[in-house]
Amino acid sequence: MASMKYLAIGNSICPATVEVSDKSGCVLDGFSFRSSNFTRKRNVRDLRVMSVATHQLPEIDVAPPSSREKQSDHGNWNHVAWTSVRQERWEGELAVEGEIPLWLSGTYLRNGPGLWHIGDYNFRHLFDGYATLVKLYFENGRVIAGHRQIESEAYKAAKKNKKLCYREFSEVPKTDNFLSYVGELANLFSGASLTDNANTGVVKLGDGRVVCLTETQKGSIVIDPDTLDTLGKFEYSDTLGGLIHSAHPIVTDTEFLTLLPDLVIPGYLVVRMEPGTNERKVIGRVDCRGGPAAGWVHSFPVTEHYVIVPEMPLRYCAQNLLKAEPTPLYKFEWHPDSKAFMHVVCKASGKIVASVEVPLYVTFHFINAYEEEDEDGRVTAIIADCCEHNADAAILEKLRLQNLRSFNGEDVLPDARVGRFIIPFDGSSNGKLETALDPNEHGRGMDMCSINPKYLGKKYRYAYACGAHRPCNFPNTLTKLDLFGKKAKNWYEEGAVPSEPYFVPRPGATEEDDGVVISMISQKNGEGYALLLDGSSFKEIARAKFPYGLPYGLHGCWVPKK
């Protein structure tokens with residue numbers, strides 16, 4: 001059950017405290033909207049405020065008491081960024097400090113892992129958590145927030161059976177005996193035991209449908225952006241098969257592009273899906289030039305006329321996937337001897353127009369790419385930028401929850417940079433990988449990026465990402481990158497863990513950075529808020545405090561008001 005207490009903000013009534021109780025009537029938690037840090041709040045009028053607290057999660061604490069007591073000496077153990085979400089569902093209006101631009105009208109959605117335990121069992125890796133979808137709805141300078149667990153089969157089965165039932169990023173269901181293990185392996189090969197926990201990204205398709213995604217193809221789930229209800233599976237109607245795809249497709253109003261790694265004959269299918277359909281059609285295929293398996297493709301970039309297919313030496317590993325316990329690189333293996341490559345596929349013909357060897361690299365997220373032209377308008381090269389981890393796959397191990405929770409002030413975040421690939425179109429066999437700007441500009445940390453969507457695949461100047469304020473064990477700043485001026489502006493707040501900065505352009509804007517940057521902040525004191533920065537000056541223009549801190553999230557999208 002849930003009860004509401006209210007406080008007056010301006011001329012309206014807003015909830016001050018949400019009390020969630022179990023069936024016995026005992027109060028399990030209290031969440032307050034009050035903030036002594038607020039110097040000025042907007043009046044919020046004539047808007048009904050809802051708080052929804054339905055079925056409660058199996059546990060409220062991040063860990064069972066025994067584990068929590070063992071870890072109590074770690075200063076970061078209870079940071080809200082790395083603790084499970086407190087309840088399955090909530091919605092309400094937030095009090096705003098500052099001014100939200102009146103032109104900002106629509107819904108920002110953010111997806112990510114938000115529940116890292118089932119019963120007494122704690123998950124091991126950041127990427128294992130069950131998906132929590134969060135929304136910020138903006139209208140007339142006001143904001144309504146909400147969150148809800150995505151009701152995947154994996155989540156529902158775990159909640160019902162009080163145990164892990166599907167294979168997550170590093171977690172494998174425990175089997176009772178050898179025959180059960182053999183049966184589980186059979187389900188792995190068929191894909192039946194792979195998770196559909198869509199905890200990575202969320203995209204708005206050209207036809208208006210909103211889909212949450214992860215790297216398994218079955219983990220494509222349609223949601224309602226207004227209510228956050230899970231509407232059902234996004235079923236691909238083609239016969240392309242395969243078990244996995246890029247977690248980050250390229251989505252515009254006119255197309256959906258993605259890569260399907262081939263784990264049998266190492267390579268990648270480049271596919272397109274038209275708005276209003278569920279059918280993917282093959283544009284072309286790229287065969288891997290090295291290694292025993294395809295390289296990991298969490299994301300990839302495109303230009304106006306080309307799809308760029310990265311082939312990393314961090315490659316999928318079937319042996320690691322079969323093991324019941326995680327290896328240091330989980331379902332991957334580092335194969336520096338297999339080298340690294342970048343391939344360019346023509347969108348129109350499906351032909352490979354360039355395939356070059358490049359220095360070794362490790363990246364989760366590409367930022368953008370564009371075509372370099374000569375004076376006659378002929379394409380001479382492709383420029384592709386990414387968040388590059390200095391060819392060090394150790395970043396995966398750093399994202400273990402134990403490492404994130406046990407920060408003691410030591411500077412342990414591996415260095416990262418804006419890596420710039422230069423892929424020549426002159427028939428050369430080698431490309432370049434350079435550093436696009438001095439990594440010290442962003443604290444030698446770099447990930448979770450966005451750009452003005454109008455510049456997708458085009459020459460661009462600005463990007464927004466998470467950087468580092470050292471010492472740290474995780475990116476902890478918001479950073480505006482100026483790739484022409486070779487400078488960066490940084491936002492930082494002590495103890496805060498910001499999620500991906502998402503840029504929303506102002507309607508009618510002519511300047512690339514004319515808009516706002518949205519991020520959700522998890523604070524060390526257990527609280528949190530939505531933050532808006534001016535896209536140009538990168539100064540704070542508004543913040544809206546959540547009733548309780550939300551865990552760290554991954555990627556988002558913008559759904560304009562209809």
Side-chain angles (χ1 to χ4, degrees), residues 42-47 93-94 96-111 134-146 201-211 223-226 228 249-256 275-276 302 304 367-368 370 448-465 478-484 489 491 499-520 530-544 555-562:
R42 287 187 55 84
N43 289 338
V44 284
R45 297 181 175 90
D46 304 324
L47 187 66
E93 183 173 3
L94 305 186
V96 176
E97 175 190 2
E99 298 286 337
I100 295 175
L102 294 178
W103 60 259
L104 189 64
S105 184
T107 302
Y108 170 65
L109 297 171
R110 190 199 73 179
N111 192 10
V134 185
K135 77 171 182 180
L136 299 172
Y137 173 69
F138 298 93
E139 186 177 17
N140 297 324
R142 301 183 298 195
V143 57
I144 297 174
V202 54
V203 297
K204 183 184 80 70
L205 303 184
D207 57 27
R209 290 178 293 178
V210 177
V211 181
I223 61 97
D224 184 317
D226 298 320
L228 305 186
I250 301 294
V251 182
T252 69
D253 288 340
T254 59
E255 64 183 359
F256 174 108
V302 300
E304 292 186 86
I367 302 172
N368 197 21
Y370 58 90
M448 310 303 288
C449 47
S450 73
I451 62 168
N452 185 328
K454 295 180 181 178
Y455 288 78
L456 175 68
K458 302 175 182 179
K459 195 163 189 175
Y460 71 116
R461 177 172 183 171
Y462 300 110
Y464 303 89
L478 297 172
T479 297
K480 178 185 179 181
L481 306 169
D482 182 346
L483 298 172
F484 287 4
K489 295 179 180 179
W491 176 94
S499 65
E500 174 188 69
Y502 192 89
F503 181 83
V504 180
R506 183 180 63 82
T510 57
E511 297 297 323
E512 182 180 345
D513 59 351
D514 186 356
V516 298
V517 175
I518 303 171
S519 180
M520 299 188 191
L531 176 70
L532 268 67
L533 302 176
D534 179 84
S536 178
S537 68
F538 215 55
K539 293 182 178 179
E540 179 177 334
I541 56 176
R543 66 172 62 187
H555 303 285
C557 76
W558 177 252
V559 181
K561 185 180 178 183
K562 297 177 182 178

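Starting from 1, each residue takes its place in the sequence as its number. As the structure is a prediction and not an experimental result, all values here were calculated from the model.
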Under 3.5 Å donor-acceptor, Lys480 side chain and Gly535 backbone: yes
Closest approach of Ala145 to Leu94 (non-hydrogen atoms, all atoms of both residues): CB-CD1, 3.7 Å
Shortest non-hydrogen contact from Val96 toward Gly98: CG1-O, 3.8 Å
Atom pair CG (Asp513) and CG (Asp482), whose distance is rounded to the nearest 0.5 Å: 8.5 Å
Worked check of side-chain contact (heavy atoms from CB on, under 4.5 Å) between Leu478 and Val517: CA-CA 9 Å; Leu478 297 172; Val517 175; 5.5 Å; no
Derivation of the side-chain contact (heavy atoms from CB on, under 4.5 Å) call for Ile367 and Tyr460: CA-CA 10 Å; Ile367 302 172; Tyr460 71 116; 3.6 Å; yes
Arg142 CZ to Leu102 CG distance, which is reported to the nearest 0.5 Å: 11.0 Å
Only pairs under 3.5 Å count here: list side-chain donor-acceptor contacts from residues 499-507, not counting sequence neighbours, and write none if there are none.
residue : atom : partner : partner atom : Å
Ser499  : OG   : Arg110  : NH1          : 3.4
Ser499  : OG   : Met520  : N            : 3.2
Ser499  : OG   : Met520  : O            : 3.2
Glu500  : OE1  : Gly556  : N            : 3.0
Glu500  : OE2  : His555  : ND1          : 2.9
Arg506  : NE   : Asp514  : OD1          : 3.2
Arg506  : NE   : Asp514  : OD2          : 3.0
Arg506  : NH2  : Asp514  : OD2          : 2.8

Side chain proximity check, Ile518 to Trp558, heavy atoms < 4.5 angstrom: yes
Gap between atom CD of Glu304 and atom CG of Leu456 - 0.5 Å precision: 9.5 Å
Contact summary for Ala542 and Ile100, nearest pair of heavy atoms: CB-CG1, 3.9 Å
Atom pair CZ/CG of Phe256 and Asp207 - distance to nearest 0.5 Å: 11.0 Å
Gly206 backbone acceptor or donor facing Asp253 side chain under 3.5 Å: no
Rounded distance [0.5 Å steps], CD in Glu512 versus CD1 in Ile451: 8.0 Å
Spacing of NZ belonging to Lys561 relative to OG1 belonging to Thr107, to within rounding of 0.5 Å: 10.0 Å
Check: Tyr462 and Asn452 side chains under 4.5 Å, non-hydrogen atoms: no
Under 3.5 Å donor-acceptor, Lys135 side chain and Asp226 backbone: yes
Chi angles and distances behind the side-chain contact (heavy atoms from CB on, under 4.5 Å) call for Val211, Val251: CA-CA 11 Å; Val211 181; Val251 182; over 6 Å; no
Closest heavy-atom pair and its distance - Leu136, Ala530: CD1-CB, 3.7 Å
Shortest non-hydrogen contact between Pro101 and Val516, atoms and distance: CG-CG1, 3.9 Å
From CA spacing to verdict: side-chain contact (heavy atoms from CB on, under 4.5 Å), Arg461, Leu483: CA-CA 5 Å; Arg461 177 172 183 171; Leu483 298 172; 5.6 Å; no
